[in-house]
Amino acid sequence: MPKKGFFTTNLHSDRQDSPEHGVLHKAIHPSVAYGYEDARHLAEVFQGKREGYNYGRQLNPTVTALQNRITKMERGTASVAFATGMAAITSTMLSLLKSGDHLIASVFLFGNTNSFFTTLERFGIDVSFVDATDVSNVAAAVKENTRAVFVETIANPATQIADLEAIGGLCGKLSILYVVDNTMTSPFLFLPRSVNASLSINALTKYIGGHGNALGGTVTDTGCFDWGLYPNILDTYKVDDHSQWGITQIRKKGLRDMGGALGPDAAHHLAVGSETLPLRLTRACDNALALAKFCEAHPRINRTFYPGLKSHLQHQRAGRLFKKYGAIFSVELTDKLDCFDFLNRMDTVVSSSNLGDNRTLGIPVAHTIFHEIGAERRAAMGIPDSMVRFSVGIEELENLLENFEKALV
Ligand SMILES: *Cc1c(COP(=O)(O)O)cnc(C)c1O
């Protein structure tokens with residue numbers, strides 16, 4: 001019998017726990033609280049001795065079904081869902097780090113994650129931002145109190161690819177927690193567990209939800225890390241076998257205490273969106289490759305940043321690790337072209353900050369999402385003023401090409 005594939009597993013996941021009336025989609029359960037005929041059962045749920053629901057901030061059946069889907073996609077052991085991708089990142093890091101710890105992060109990071117890590121510094125966590133495209137920079141930054149390394153798969157907007165495998169090897173050797181933000185690739189293009197990542201984070205808002213109509217985020221335990229070696233697990237959560245310690249602490253501290261819970265309506269939208277992830281992302285990646293090649297050859301464009309191009313510094317790494325090269329690319333325009341005029345001449349491509357939508361979106365990066373960070377950090381992150389980022393959608397390629405042709409005058 002062939003192994004169940006990505007589509008099959010995902011499409012049929014909601015029918016696994018005998019759903020009411022045989023529904024094919026997990027129902028949207030809006031109830032915040034749950035009643036018990038026997039008050040002892042309520043107590044047992046609180047004490048973790050019985051499976052069940054007690055309060056919507058911690059658990060909801062619709063959200064549980066989505067968590068199970070993501071766990072299967074990631075081939076992990078368990079996932080916790082949050083209201084946004086940022087809630088997943090902040091809650092994970094705040095529940096696993098404490099003051100006096102050291103964190104190594106890629107210098108090429110989603111702007112808000114970068115901003116959050118500077119907040120961690122205000123709480124006494126020492127953060128080193130390094131060029132994570134080469135493991136030697138990560139290795140050189142390791143200190144005695146280094147607790148975690150945090151990288152993204154494909155960084156936004158200049159599409160640098162972290163030295164994912166080698167960092168996994170380093171973290172494994174030193175027993176350091178390895179957190180990978182898998183948003184740009186999603187578990188369809190890349191499984192962080194294949195490079196020994198401990199936790200995989202997905203902003204479901206982007207490719208997994210895919211329609212720009214719901215926010216959400218998850219953290220998945222890949223099962224690769226031995227939580228018995230992690231010094232920050234609280235005694236309360238050191239019950240049963242090591243494998244559950246980390247995710248339990250994230251669920252209790254990060255979700256229950258910090259409260260960034262995902263709502264059941266959003267969970268439903270994200271679950272439905274996820275059903276077509278492989279179809280959408282395959283087409284978007286193919287469109288992105290064609291557009292990036294067109295831009296690279298165009299005289300009005302100085303540089304094109306896309307892992308699928310031979311000129312990309314980590315092109316081979318991307319080809320080895322990812323199923324496709326992603327659906328994000330950026331261009332640096334020549335002086336002859338103003339980035340605002342360029343975008344304004346397009347009509348199919350929408351000027352918008354989101355990514356992972358079915359529609360193609362473009363944004364002048366330095367003036368918007370990387371404005372607050374300042375010119376100096378932008379230079380360090382490789383973001384020129386004339387950079388425009390595209391999140392490529394699933395329109396007909398000829399319509400997108402026509403838009404680029406007419407805008408590049
Ligand atoms: C968008 C994004 C996030 C944050 O997700 P939100 O749902 O918008 O909070 C985190 N990481 C990456 C790489 C992203 O692109």
Side-chain angles (χ1 to χ4, degrees), residues 63 66-67 70 74 79-94 105-120 129 132 149-162 164 179-190 192 197 199-220 254-255 258-263 265-267 269-271 273-274 277 281 284 288 305 307 322 326-330 352-357 361-363 365 368-370 372-373 381 383 389-393:
V63 175
L66 177 67
Q67 288 174 168
I70 306 296
E74 286 277 355
S79 302
V80 183
F82 296 88
T84 65
M86 281 316 300
I89 293 171
T90 56
S91 308
T92 298
M93 302 315 277
L94 288 170
S106 169
V107 70
F108 312 118
L109 279 185
F110 179 63
N112 303 152
T113 305
N114 176 87
S115 173
F116 165 61
F117 287 167
T118 64
T119 303
L120 285 183
F129 293 97
V149 174
F150 186 107
V151 302
E152 294 173 3
T153 51
I154 304 176
N156 161 24
T159 71
Q160 299 93 341
I161 294 163
L164 293 159
V179 188
V180 172
D181 182 335
N182 197 25
T183 300
M184 285 297 182
T185 28
S186 89
F188 175 58
L189 298 186
F190 176 63
L199 297 172
S200 173
I201 290 182
N202 285 286
L204 307 179
T205 317
K206 311 292 173 54
Y207 295 106
I208 293 181
H211 296 72
N213 61 349
L215 292 152
T218 43
V219 56
T220 301
L255 183 63
M258 294 171 205
L262 180 68
D265 291 282
H269 281 303
L270 296 165
S274 77
L277 169 67
L281 197 48
F305 304 85
F322 307 151
I328 295 289
F329 78 96
S330 294
S352 172
S353 68
N354 190 22
L355 56 90
D357 197 303
L361 313 175
I363 189 162
V365 179
T368 55
I369 45 179
F370 284 88
E372 185 184 298
I373 215 167
M381 295 170 101
I383 301 173
R389 182 197 76 196
F390 293 98
S391 167
V392 180

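Just follow the structure's listing: the first ligand is 1, and inside any ligand the first atom is 1.
- Ring geometry for Phe322 against Phe190 counts as perpendicular: the plane angle is over 60°, on a 0 to 90° scale with 30° as the lower cut.
- For the side-chain contact (heavy atoms from CB on, under 4.5 Å) test with Ile208, the passing option among Asn202, Thr183, Leu281 is Asn202; the others fail.
- Nearest heavy-atom pair, Glu152 versus Phe108, reported as atom, atom and distance to 0.1 Å: OE1-O, 4.1 Å.
- For Ser352 and Asn354, the side-chain atoms include no donor-acceptor pair closer than 3.5 Å.
- With sequence neighbours left out, Asp265 forms a side-chain contact (heavy atoms from CB on, under 4.5 Å) with Ile28.
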With side-chain hydrogen bond (donor to acceptor under 3.5 Å, both in side chains) as the criterion, how do Asn182 and Thr185 come out once you've worked through the C-alpha distance, each side chain's angles and the decisive distance to 0.1 Å? CA-CA 6 Å; Asn182 197 25; Thr185 28; 2.6 Å; yes
Please tabulate protein-ligand N/O pairs under 3.5 Å for ligand 1, atom names and distances to 0.1 Å.
from, atom 1, to, atom 2, distance (Å)
ligand 1, 7 (O), Gly85, N, 2.8
ligand 1, 7 (O), Thr205, OG1, 2.6
ligand 1, 9 (O), Gly85, N, 3.1
ligand 1, 9 (O), Met86, N, 2.8
ligand 1, 11 (N), Asp181, OD2, 2.7
ligand 1, 15 (O), Lys206, NZ, 2.8

